[in-house]
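Okay, so here's the structure we're looking at.
Each chain gets a letter, A, B and so on, in the order the sequences are listed, and its residues count up from 1. Here the structure is a predicted model, which means the values were calculated and not measured.
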Amino acid sequence: MKLVKVYVTLKKSVLDAQGEAIKSAINTMGYDKVADVHMGKYFELSFADDYNAMEKDVDAICDELLANPNIETYRYEIAEAE
Amino acid sequence: MKLVKVYVTLKKSVLDAQGEAIKSAINTMGYDKVADVHMGKYFELSFADDYNAMEKDVDAICDELLANPNIETYRYEIAEAE
Amino acid sequence: MKFAVINFPGSNCDMDLYYAIRDGINEKVELVDYRNNSLVGFDGVLIPGGFSYGDYLRSGAIAVHAPIIKEIVRFAKEGKIVFGVCNGFQILTELNLLPGALVQNEKNRFICDTVDLTVVNNQTAFTNCYQKNENIRIPIAHGEGRYHCDETTLQEMIANGQIVFRYQDNVNGSVDQIAGVTNKNGNVLGMMPHPERAVEDILGSADGLKLFQSIINYQVKVNN
Amino acid sequence: MTEPTAKQIKDEKIYQQWGLTDSEYELISQKILKRLPNYTETGLYSVMWSEHCSYKNSKKVLRKMPNKSPRVLAGPGEDAGILDIGDDQAVVFKAESHNHPSAVEPYQGAATGVGGIIRDIFSMGATPIALLDSLKFGPLKNGQTKHLVNEVVAGIGGYGNCIGLPTVGGEVSFEDCYEHNPLVNAMCVGLLNKTEFKHGTASGDNNLIIYVGAKTGRDGIHGATFASDEFTDTKNKQRSAVQVGNPFIEKLLMDACVEIIEKHSEWVLGIQDMGAAGLVSSTAEMASKAGSGLVLNLDKVPQRETKMSAYEMMLSESQERMVLCIKPDYLEEVLNFFRDYELDAVVIGRVTTDGQYKIYHQNNLVTDIPVDSLTEDVPEYDRQETEPQRMIDDKDYRFIPEITSLEETWQEMLQRPNIASKKHFYQTYDSQVKANTLVRPGGDAGVVRIRGTKKALAMTNDSNSKYTYLNPFIGGQIAVMEAARNIVATGGEPIGVTDCLNFGNPEDPEAFYELDKSVEGISSACELIKTPVISGNVSLYNEYNEVAIYPSPMIGMVGLIDDIDKITTIGFKKADDLIYLIGQTQDDFNGSELQMQKTGAIKGDLRPLDLQTEKFNQDLIKTAIAQKLIKSCHDLSEGGLAVALSESAFDNQLGFEIKTTLTSAQMFSETQSRFLVTIAAEDQVKFETLLQTDFELLGQVTTEPEFVVTTTDEKVSIDGRQAETNWKEAIPCLMK
Ligand SMILES: Nc1ncnc2c1ncn2[C@@H]1O[C@H](COP(=O)(O)OP(=O)(O)O)[C@@H](O)[C@H]1O
Ligand SMILES: [Mg+2]
């Protein structure tokens, strides 16, 4: 069993409406040291087995589904599932 | 500058409707080795400076805002920002 | 009775509630900005549907940090009427004035429809004009309306009669088909369906009207 | 990043990459400026002279459309058109296409399409009251298309639901030609509580230009610019040509703009949204309309990103931004007003009298050109047109279907994606927010009441590109008439039209023929029923690998219902009501859904539309509704009588028993100008004396959901419950 952790974030040039709203909420709550907030998506994919083409598949899943390369970037880590 | 990375995920007891939908989309796309998908939120908070109470503040921000303890759990890492 | 309809940035059913009170049951009502910090002079507070703060992060999560919230909490604690619809319900759970939480619909899509509800408990401040087990048709419109709570909380709520409305057909996958719940005290109600959209026959249903009439009924009794 | 010099732009023909032709560039440098335009200036011309902003290829064609009626208060040229609806109220509407952005980023493309059209409405000072959407996709066969459909629908709902406007109508259709070029058109309708409005103008020496709303980023800048690496830094991949919407900010902006115009009209001289080509197009148009000049200081523009060049700021299509022109005396009031809404509002420039457009950036004068040259001096092109070969080849082809089993065909037709229920999509749109929606999606037209009056507005989006493909002129007429029938069947009087003209490459003579003839068809139909075209939008170059989409004009129509008692819906009301077919049925199978079902393609010419009969039948329905004779009314469209009967029966789970002089095949004929109505049995004589047209008393409504049908060929009994399941489940099933 492998666990793939995928992080999808908006490209820097893309408006992060959620991040902005959350930042201003944090500041209003009195935490004024927070200078910037970005929000992204986090996925955990479990693979039944390890296999050769796994990384290739994860890339494809990210490109075709989890992220839109026009606005988002992604990175991932592969770990042993507990 | 410090960068805090926060991961918020649904508690295991809460049905992850998005995760399930994504899983079935991935399977439909032909990647049948993906056994399970969970979706969560990922935040990057930049702090202008490091300071003593920073960890306390991050805990508070997570408890009061970023995660809803009734349904979610969170964890975070603190890193040096580039 | 004089109602406050709270207007958060992004609320969008505020006027629907306003008209339901003003034209539906002919009572006094005012819109109150989220930046106010007093509800003195009001007898009940209504939290409308919509997307407060864009519903970014989680529905209702950011609104609970607005200045007016202190007063809403005071109303709840003092046993005054507090009623949240849709996003208002989400805000009340985020505030822990109501148990549980509202999460993404089971089918993971926004649903707009008119559904059948059962009035589970007609002995509340909000439902005393309905019959017990009455079937009412009320519109829904939400993406995060699946009610979630743990088993202990559920049993407690059942025992206390806090479950007020159930869906007849579990449209969003809610625990125990829950559509609306009160707090223990019975003065705070949250529900995902929109009774304020069902106050005239030409809108397709007037079944929501009795909810607002119930509040008046209840208040009259309390005052006497 | 260093910008190329004016000379480099000329020598290396960099302007070509931005879409300017050699002769256009020459016109600019030799006739207009009498010098070489610099980088920023060339950028401004390239976007302002693009088809999207200038309509240089379509202007001549668009002039053919009628745009006058006693109701018209504002027509094409403003952000949206306005029609007087009496009692000092007016309705404002427009439709907009967002095809390309939706192909690239379906959720945001669709969402910002909705956001953009809403801004066009409130920039006229009107309160938006409803949305509609017209969507065209490839067949629901593969994962990519389903994903695209899901995302587009989610984007439309995401924006509309969040801002709190009901989506009350629309259409979704599927044809092969849209597989790689989906069409996403959105329409917004607004209400103006007076009959005067703010023009989008900037006039009066030294009056101030105010920027309100979201900060400016690098989003949506002319994609072609980034294609060339030389001019971009190494972070190229960090940039995006896709706009992202923020409906939350737009809600604040909408409420603020409506309020400032309603309550503080004297503060505001002009207002306009920043749509395509953002800052440049909004400000240049405002100044040009007023015959003024303008000085802008870009350092004042609220910026989301650092180190933006003048070019980037001027061309950015960041969403949720507005430009206002105000009198300096009210500056404090205006800034405070927006601050109260928690919106950024800043002075970015002022009006001048010299007719020049001057832009300062970091203390440099980066642009100094005549304002009018951006908006008025664009060359207008007269494109060549030739009749498409397929039309010549197939002129005499007539498709005659053979129906072996009426029941089987009936059930199959109900499952065809173009006919099946679209509830799977539209139920993800809030159709009731604001508690004014009287007829929700699922019928012929959506209806929104005007609170405090007896009036309501009926609205619909219609197009049938199969018809326009076979015959653009007749197809154009049909699109208008189908929209009108939807309005009329609902109890409304059609009062005006907006459109989205989605076509291929105008430089291709066949594609241009399609555009030109469609518009002629639309125009002739609008003339007849006196519905001026008061706004619209053109989207050309819709093609993939040089194969164009079907010519796809979309008609958005609004009708006035003077008394909500007149509202009529499609559903049969009760057993024993009599069912009538109004209008004559012929063998109209070319371009029909039945032809698609039987042969997998469409072919042949269309029969001319008899406009007089069309109008006569529409007037008849209006009269009968006014006399309260009609209990349900449904126009006949795709799938013909069989489909209309089924949909009317499904609404209240009723059935029917009919006997007709039609053949089984004709049950699916798509002859135009027809309606299906029911009346109470006791009104038979009264109703029939009205009917000086072709009609047939088909039979009556029955309690059990069973469809008993006798044609000239056979008698069948169709399981209505099964039929309803087929119709309802077809799309959810395909979307799985
Ligand atoms: N994308 C959509 N958004 C909202 N409503 C839709 C959409 N697609 C279809 N509908 C609704 O479904 C019903 C049937 O649509 P359609 O078959 O196109 O009607 P018609 O043939 O009468 O024009 C209409 O009420 C229409 O408004
Ligand atoms: Mg119709």
Heavy atoms of other groups near C:Lys184 NZ, more than 12 under 6.0 Å: no
Take atom NZ of C:Lys80 as the centre, draw a 6.0 Å sphere, and report whether it contains more than 12 heavy atoms from other residues, nucleotides or ligands. yes
Partners passing salt bridge (charged side-chain N to carboxylate O under 4.0 Å, His left out) against C:Glu27 (at least two apart in sequence or in another chain): none
Partners meeting salt bridge (charged side-chain N to carboxylate O under 4.0 Å, His left out) with C:Asp176 (sequence neighbours left out): C:Arg166
At their closest point, which heavy atom of A:Ala25 faces which heavy atom of C:Ile62, and how far apart are they? CB-CG2, 3.6 Å
Contacts of type side-chain hydrogen bond (donor to acceptor under 3.5 Å, both in side chains), residue C:Gln219, not counting sequence neighbours: none
Show the pairs of one donor and one acceptor atom, one from chain C and one from chain A, lying under 3.5 Å apart.
{"unit_1": "C:Leu57", "atom_1": "N", "unit_2": "A:Gln18", "atom_2": "OE1", "d": "2.9"}

